[in-house]
Protein chains: 2
Amino acid sequence: MRHVAALAGVGIKTVSRVMNDEPGVSEETRQRVLGASQQLNYQLDMAAGSLRRAGRRTLSIGLLLPSVSNPFSGEIHRALEDSLAARGIAVFAASLDDDPEREKALVAAFLGRRVDGLVLTPIAKSQSYVIPEHSRDLPMVFIDREPVGIEADAVVTDNAVGSAMAASHLIAQGHSKLAYLGDRTDIQTARERRRGFIEEVGRAGIATSSVPVLEGLHDEDSARRAALQLLTSEDPPTAIFSSQNLVTFGVMRALKELGASKRVALVGFDDFTLADMMEPGVTVIAQHPDRIGKLAAERLLARIDGDHGAAQTYVVPSELITRGSGELPPPE
Amino acid sequence: MRHVAALAGVGIKTVSRVMNDEPGVSEETRQRVLGASQQLNYQLDMAAGSLRRAGRRTLSIGLLLPSVSNPFSGEIHRALEDSLAARGIAVFAASLDDDPEREKALVAAFLGRRVDGLVLTPIAKSQSYVIPEHSRDLPMVFIDREPVGIEADAVVTDNAVGSAMAASHLIAQGHSKLAYLGDRTDIQTARERRRGFIEEVGRAGIATSSVPVLEGLHDEDSARRAALQLLTSEDPPTAIFSSQNLVTFGVMRALKELGASKRVALVGFDDFTLADMMEPGVTVIAQHPDRIGKLAAERLLARIDGDHGAAQTYVVPSELITRGSGELPPPE
DNA sequence: CTGAAAGCGCTAACAA
DNA sequence: TTGTTAGCGCTTTCAG
């Protein structure tokens with residue numbers, strides 16, 4: 001900047017004014033400065049600026065996701081990016097891999113980079129460790145799961161409602177022998193999905209104790225094996241609800257192996273690519289990661305802009321998409 | 001930092017030493033400083049540090065991808081993240097959407113944040129606009145596509161070789177009436193894939209002029225329509241090669257609509273989730289985004305660490321994965 | 001409309 | 001082993 005000022009024959013502050021589009025510079029001076037900066041290939045150093053700038057804004061935020069390679073996370077990331085780009089805010093993204101220790105380490109890493117805000121999918125048992133920062137006014141929005149031990153904004157899917165929708169849809173097709181296949185039980189959303197499903201089953205007058213609940217299925221293969229066992233048991237269910245993508249894939253494989261794809265009904269939580277190309281198409285409760293990301297961005301920006309209202313949880317509705325597998329009737 | 005120093009009753013530089021794990025501090029002093037910093041909930045400001053630090057390292061890099069919501073990009077992102085996390089380097093990711101203007105704007109945005117390096121999928125006609133920075137020693141690695149107008153490291157898939165593999169595989173199954181369905185022709189990888197495919201067809205003694213080449217298929221539906229038209233034409237091909245995921249999906253839909261999935265052979269470039277669950281399973285030329293990401297990270301780190309060797313292009317081999325659709329024989 | 005001086009939080013260089 | 005001083009590139013404040 002010094003060099004540009006020297007070349008343009010002006011004071012350093014004038015260069016700063018021009019580079020930041022501040023008013024109070026004559027058009028002529030402005031052009032001279034612009035010329036000099038181009039000639040020197042000069043580029044403002046944001047980091048140095050934020051050191052002194054009011055509010056210390058770095059125009060960057062941190063985003064903690066289960067994994068940047070997970071399509072659901074990718075969509076959220078993209079929606080956030082789009083909403084924040086308009087304000088010139090860049091996004092640091094990182095993957096948690098369901099590891100509470102990583103969550104803490106990554107939050108610390110982002111704090112050290114002085115991000116203007118944090119959007120995160122909590123995985124640690126409690127988020128109380130960020131209370132100091134949050135009360136020091138670090139904007140923070142939790143997504144997908146609500147935080148524990150701290151009052152902060154959250155944007156979540158209506159997991160229980162969506163799962164209840166799945167149950168009532170299967171029951172409406174005439175099924176009474178249902179089964180629930182679920183994810184790790186230490187994940188809040190998984191528990192919510194089970195609760196919503198089971199409660200709806202009870203509400204329909206079916207004995208909830210008669211519904212097999214197989215949980216802790218952390219990957220495709222464990223889900224596949226659980227489904228195989230269930231389907232070859234003495235009194236197999238005629239309809240299955242799977243609480244998550246990988247579980248759904250596992251169930252689909254089991255059904256295919258048994259040649260039961262067109263006989264046993266299936267509804268999965270979470271939509272996925274090519275679901276409509278399967279045979280039959282897979283009925284799902286679709287989440288809306290794009291809306292989650294957009295809403296999270298809006299809340300974060302509001303907080304960054306000084307909104308000090310009470311913390312709120314925003315719920316994004318899920319949606320039943322019928323494609324065939326969930327509409328298979330029970331056998332006679 | 002001043003406050004911590006005051007509370008611990010030491011000089012500011014001693015605090016700096018402790019926070020950066022530098023040697024030359026007695027264990028006792030160290031503990032006192034650590035105590036004080038915890039009490040004040042102090043956290044080193046990386047940005048301020050890099051202002052003075054030798055080499056001005058910010059411990060962050062920029063990553064420009066087609067879109068962070070695209071699974072292929074997500075895998076690359078993840079591999080990079082994993083390789084760089086060990087060095088405490090954080091990743092800024094951004095989406096280009098095949099927009100050359102965005103490429104330039106985002107590169108500028110990252111330069112303003114003084115990233116230590118850049119990994120990017122080039123889309124602009126030429127990358128000569130970054131020559132000034134690159135020659136000023138900004139580490140830069142191009143992925144997926146080679147840069148134009150600048151000599152810099154690149155990590156790419158062997159697009160032509162992979163496509164040739166697809167051609168020879170189909171020919172080996174007895175097909176002689178092949179067709180090529182491709183992406184936008186302004187994308188380098190798409191042109192390479194066509195070249196590899198067509199050249200191999202010629203090498204096998206088939207008149208390349210007899211092979212329909214349908215290009216500019218930028219999304220699923222345009223690919224679907226192109227395939228429908230092709231397959232319902234007078235002398236339809238018995239085997240199709242699609243140059244990219246979305247094109248493959250479009251072709252799959254067309255085949256399904258015509259009930260020809262088990263009659264017309266298909267090989268697609270790029271692997272995708274559930275490809276093996278389709279009916280028949282879809283044979284693909286799989287790329288290895290994880291290896292691309294890892295290699296790119298290694299090259300970038302080497303450059304950051306001062307490697308000034310000549311720019312090189314690293315080629316990651318693709319792989320033929322047979323699942324059924326590519327092994328369908330031609331009709332009698 | 002313009003510029004000089006101070007200082008953001010930190011690290012390099014040097015001194016004690 | 002520890003501390004002091006200068007200064008990174010910028011923005012703020014305040015004076016012309």
Side-chain angles (χ1 to χ4, degrees), chain A residues 1-34 36-37 40-60 88 108-116 133 136 138, chain B residues 1-34 36-37 40-60 88 108-116 133 136 138:
Chain A
M1 185 142 156
R2 276 210 325 272
H3 305 309
V4 177
L7 180 61
V10 299
I12 185 174
K13 175 65 216 188
T14 300
V15 178
S16 169
R17 286 200 181 89
V18 172
M19 301 312 290
N20 290 293
D21 275 321
E22 282 171 36
V25 182
S26 72
E27 189 50 32
E28 192 211 321
T29 317
R30 162 183 218 75
Q31 288 307 332
R32 201 141 35 89
V33 171
L34 249 28
S37 83
L40 296 178
N41 211 274
Y42 170 76
Q43 179 116 39
L44 240 185
D45 185 327
M46 290 200 58
S50 43
L51 209 51
R52 201 73 172 68
R53 191 179 1 255
R56 269 205 177 356
R57 294 282 167 74
T58 56
L59 294 183
S60 61
F110 286 163
L111 291 176
R113 287 185 165 80
R114 296 293 185 270
V115 293
D116 296 341
E133 325 298 338
R136 265 193 225 164
L138 176 76
Chain B
M1 185 143 155
R2 277 210 324 273
H3 305 311
V4 177
L7 180 60
V10 299
I12 186 173
K13 176 67 216 189
T14 301
V15 178
S16 169
R17 286 200 180 91
V18 173
M19 300 313 290
N20 289 293
D21 276 322
E22 282 171 36
V25 182
S26 74
E27 188 51 31
E28 192 210 322
T29 317
R30 163 183 216 74
Q31 288 307 331
R32 203 141 35 91
V33 170
L34 250 28
S37 85
L40 296 177
N41 213 274
Y42 170 76
Q43 180 116 38
L44 240 187
D45 184 327
M46 290 199 59
S50 44
L51 208 53
R52 201 74 176 67
R53 189 177 4 253
R56 262 199 181 9
R57 296 282 165 77
T58 55
L59 294 183
S60 60
F110 286 163
L111 291 177
R113 287 187 166 78
R114 295 294 184 269
V115 292
D116 295 341
E133 325 297 338
R136 264 191 227 162
L138 176 75

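Just so you know, these numbers come straight off a predicted model, no measurement behind them. Chain letters run A, B, ... following the sequence lines, proteins first, then strands; residues in each count from 1.
- As a whole-Å value, the separation of B/Glu22 CD from D/dT1 C1' is 13 Å.
- Atom CE in A/Met19 sits about 9 Å away from atom P in D/dC10, given to the nearest Å.
- Screening A/Leu138, A/Leu51, A/Thr58 for a side-chain contact (heavy atoms from CB on, under 4.5 Å) involving A/Arg114 leaves a single residue, A/Thr58.
- Heavy-atom neighbours of A/Glu28 CD from other residues, nucleotides or ligands within 6.0 Å: at or below the threshold of 12.
- The nearest whole Å value for the distance from the CE atom in A/Met1 to the C1' atom in D/dG7 is 16 Å.
- Checking each of B/Leu34, B/Val33, B/Val4 against B/Tyr42 for a side-chain contact (heavy atoms from CB on, under 4.5 Å) leaves exactly one that passes, namely B/Val4.
- Between B/Ala48 and B/Gly9, the residue whose closest nucleotide on DNA chain D is further toward the 5' end is B/Gly9.
- If A/Gln43 and B/Glu27 are placed on DNA chain D by their nearest nucleotide, the residue sitting closer to the 5' end is B/Glu27.
- Note on A/Gly49: only backbone sugar-phosphate atoms sit closer than 4.0 angstrom, heavy atoms only; bases stay farther off.
- A donor N or O paired with an acceptor N or O is not found under 3.5 Å between the base of C/dG9 and the side-chain atoms of A/Arg114.
- In the set C/dC8, C/dT11, C/dT2, the nucleotide with an atom closest to the side chain of A/Ser26 is C/dT2.
- An OP1 or OP2 oxygen of D/dT2 is reached within less than 4.0 angstrom by no side-chain nitrogen or oxygen of B/Thr14.
- Rounded to whole angstrom, the span from the CD1 atom of A/Ile12 across to the P atom of D/dG9 amounts to 10 Å.
- Residues A/Arg56 and A/Asp116 have side chains not in contact (no heavy-atom distance under 4.5 Å, counting atoms from C-beta outward).
- Between A/Ser16 and D/dT11, a side-chain N or O to OP1/OP2 separation shorter than 4.0 Å is present.
- The residue B/Ser50 sits apart from the nucleic acid: no heavy atom pair falls under 4.0 Å.
- Atom CG in B/Leu51 sits roughly 9 Å away from atom P in D/dC10 (whole-Å rounding).
- Rounded to whole Å, atom C1' of C/dA6 lies 7 Å from atom CZ of A/Arg52.
- Here the side chains of B/Met1 and B/Asp45 are not in contact, with every heavy-atom distance at 4.5 Å or above.
- Note: NZ (A/Lys13) to C1' (C/dA4) measures 12 Å, nearest angstrom.
- Closest to the A/Tyr42 side chain, of the nucleotides D/dT4, D/dC10, D/dT11, is D/dC10.
- Between A/Arg30 and C/dC1 there is no side-chain N or O to OP1 or OP2 distance below 4.0 Å.
- B/Arg56 has a side-chain polar atom (N or O) that falls below the 4.0 Å cut-off from OP1 or OP2 of D/dG9.
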_Trace of the salt bridge (Lys or Arg N to Asp or Glu O under 4.0 Å) decision for A/Glu22 with A/Lys13_ = CA-CA 11 Å; A/Glu22 282 171 36; A/Lys13 175 65 216 188; 3.8 Å; yes
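- Rounded to a whole Å, the CG atom of A/Leu59 is 14 Å from the C1' atom of D/dC10.
- Looking at A/Arg17, its side chain comes within 3.5 Å of the base of C/dG3 through a donor and an acceptor atom.
- Among C/dC1, D/dT11, C/dG9, the nucleotide with an atom closest to any side-chain atom of B/Asp45 is C/dG9.
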